[in-house]
Amino acid sequence: EDLLKRIDAVVSQMEQELSSDLAACVTSPLEAQACGDVTHGLEWIERQIDAKAQRREACESRKAHLADLRRLVAQRDESMATLQAPQISARSTNRLSILEDEHEELKKQVEAERLELLKVRANLQVECEERVQEAGCLAQSFQESRQHALALQQAANERSREAANQLQMLQVSLEKEQQQH
């Protein structure tokens, strides 16, 4: 009876976790993007779709296994003879161990995907920060160039005025010389 309670508890926990994993698999990349996740190219989206399809298939397969296990446990409770009980119990325990192992593997895969997404997010954040810095440098360079151009224009205007003044002085002195001759 303790074994049945243990099996029932493990099966219930696995069903809950698989249901949440299956619900996560149903989320489309477009919904994830609308929620604020940043995707990077069609290849990345295709990889995510393939991974989610594989996870969905694994979740559905495990869900079917769990349903079979529940049926076995229910049948055992209803109509198992004392000689058959140890055989079914051993098969159920073995199958439960396999399901637990598969479930743990699925958890590891989900964690690996989460870590990969965190890395992609960090890389995108670094790239965005670099681009913001580049834009700031370009804006500063543009401002400096603009100020330099204005300074050059003012200097050219000043030289033009000086040249105009010198030309006027030369014309005045030329007129004086012409009047003296």
Side-chain angles (χ1 to χ4, degrees), residues 10 12-66 98-181:
V10 169
S12 295
Q13 177 189 2
M14 289 174 67
E15 282 179 336
Q16 289 174 350
E17 292 174 357
L18 288 174
S19 293
S20 66
D21 282 348
L22 186 58
C25 291
V26 175
T27 305
S28 75
L30 295 176
E31 291 172 346
Q33 186 177 14
C35 293
D37 289 345
V38 180
T39 58
H40 192 50
L42 290 175
E43 289 179 28
W44 187 85
I45 292 173
E46 289 173 357
R47 282 194 336 256
Q48 293 301 312
I49 290 171
D50 291 342
K52 286 186 179 194
Q54 289 173 353
R55 283 176 50 204
R56 184 182 308 121
E57 290 172 10
C59 287
E60 290 171 350
S61 172
R62 282 167 183 77
K63 201 170 187 179
H65 288 295
L66 287 171
I98 291 170
L99 288 173
E100 286 175 334
D101 292 343
E102 289 176 349
H103 184 71
E104 287 302 315
E105 184 62 32
L106 182 62
K107 279 183 175 180
K108 290 176 185 176
Q109 288 174 354
V110 168
E111 181 63 18
E113 287 179 19
R114 186 183 74 77
L115 293 175
E116 181 183 342
L117 290 174
L118 288 174
K119 287 178 187 176
V120 168
R121 180 179 180 190
N123 289 339
L124 287 173
Q125 190 171 11
V126 167
E127 185 178 330
C128 287
E129 289 172 359
E130 288 172 354
R131 288 189 180 181
V132 165
Q133 273 185 329
E134 286 176 17
C137 290
L138 288 173
Q140 184 178 358
S141 175
F142 175 76
Q143 185 65 24
E144 290 171 358
S145 296
R146 184 173 176 258
Q147 289 174 349
H148 182 69
L150 286 173
L152 288 175
Q153 184 180 8
Q154 288 175 348
N157 287 342
E158 185 63 31
R159 279 186 259 146
S160 175
R161 277 188 232 116
E162 288 175 12
N165 286 340
Q166 287 177 355
L167 178 64
Q168 189 177 19
M169 289 173 37
L170 284 174
Q171 285 176 343
V172 168
S173 73
L174 187 64
E175 287 177 5
K176 285 184 184 179
E177 269 186 40
Q178 286 178 349
Q179 287 176 357
Q180 289 177 357
H181 286 316

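All figures in this text were calculated on a predicted structure; none of them were measured in a lab.
- Taking CD of Q171 as the start and CD of Q178 as the end, the distance is 10.5 Å to the nearest 0.5 Å.
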Test side chain to side chain contact (heavy atoms under 4.5 Å, CB included) applied to R121 and L124, step by step: CA-CA 5 Å; R121 180 179 180 190; L124 287 173; 5.8 Å; no
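- To the nearest 0.5 Å, atom CG of residue L170 and atom CD of residue E175 are 11.5 Å apart.
- For Q180, the side chain to side chain donor-acceptor pair (under 3.5 Å) criterion is met by no residue, not counting sequence neighbours.
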- prompt: Passes side chain to side chain contact (heavy atoms under 4.5 Å, CB included), V172 versus K176? Steps please.
  reply: CA-CA 6 Å; V172 168; K176 285 184 184 179; 4.0 Å; yes
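- Here K108 does not pair with E104 in a salt bridge; the nearest charged N to carboxylate O distance is not below 4.0 Å.
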message: Working note: E111 + K107, criterion salt bridge (charged side-chain N to carboxylate O under 4.0 Å, His left out); need CA distance, chi angles, decisive distance, verdict.
response: CA-CA 6 Å; E111 181 63 18; K107 279 183 175 180; over 6 Å; no
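- Around the CD atom of Q133, the shell of radius 6.0 Å holds no more than 12 heavy atoms that belong to other residues, nucleotides or ligands.
- Once rounded to the nearest 0.5 Å, the distance linking CD of E129 with CZ of R131 reads 13.0 Å.
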Side-chain donor/acceptor pairs under 3.5 Å, residues 138-154, sequence neighbours excluded:
{"from": "Q140", "atom 1": "NE2", "to": "E144", "atom 2": "OE2", "distance (Å)": "3.4"}
{"from": "S145", "atom 1": "OG", "to": "S141", "atom 2": "O", "distance (Å)": "3.0"}

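- Applying the side chain to side chain contact (heavy atoms under 4.5 Å, CB included) test between R114 and each of L118, V110, L117 identifies L118 as the sole match.
- Listed by chain and number, the residues in a side chain to side chain donor-acceptor pair (under 3.5 Å) with R159 amount to none (sequence neighbours excluded).
- Taking E100 as the reference, nothing meets the side chain to side chain donor-acceptor pair (under 3.5 Å) condition, with sequence neighbours excluded.
- Shown here are the side chain to side chain donor-acceptor pair (under 3.5 Å) partners of E158, two or more places apart in sequence or in another chain: R161.
- With sequence neighbours excluded, no residue satisfies salt bridge (Lys or Arg N to Asp or Glu O under 4.0 Å) with E105.
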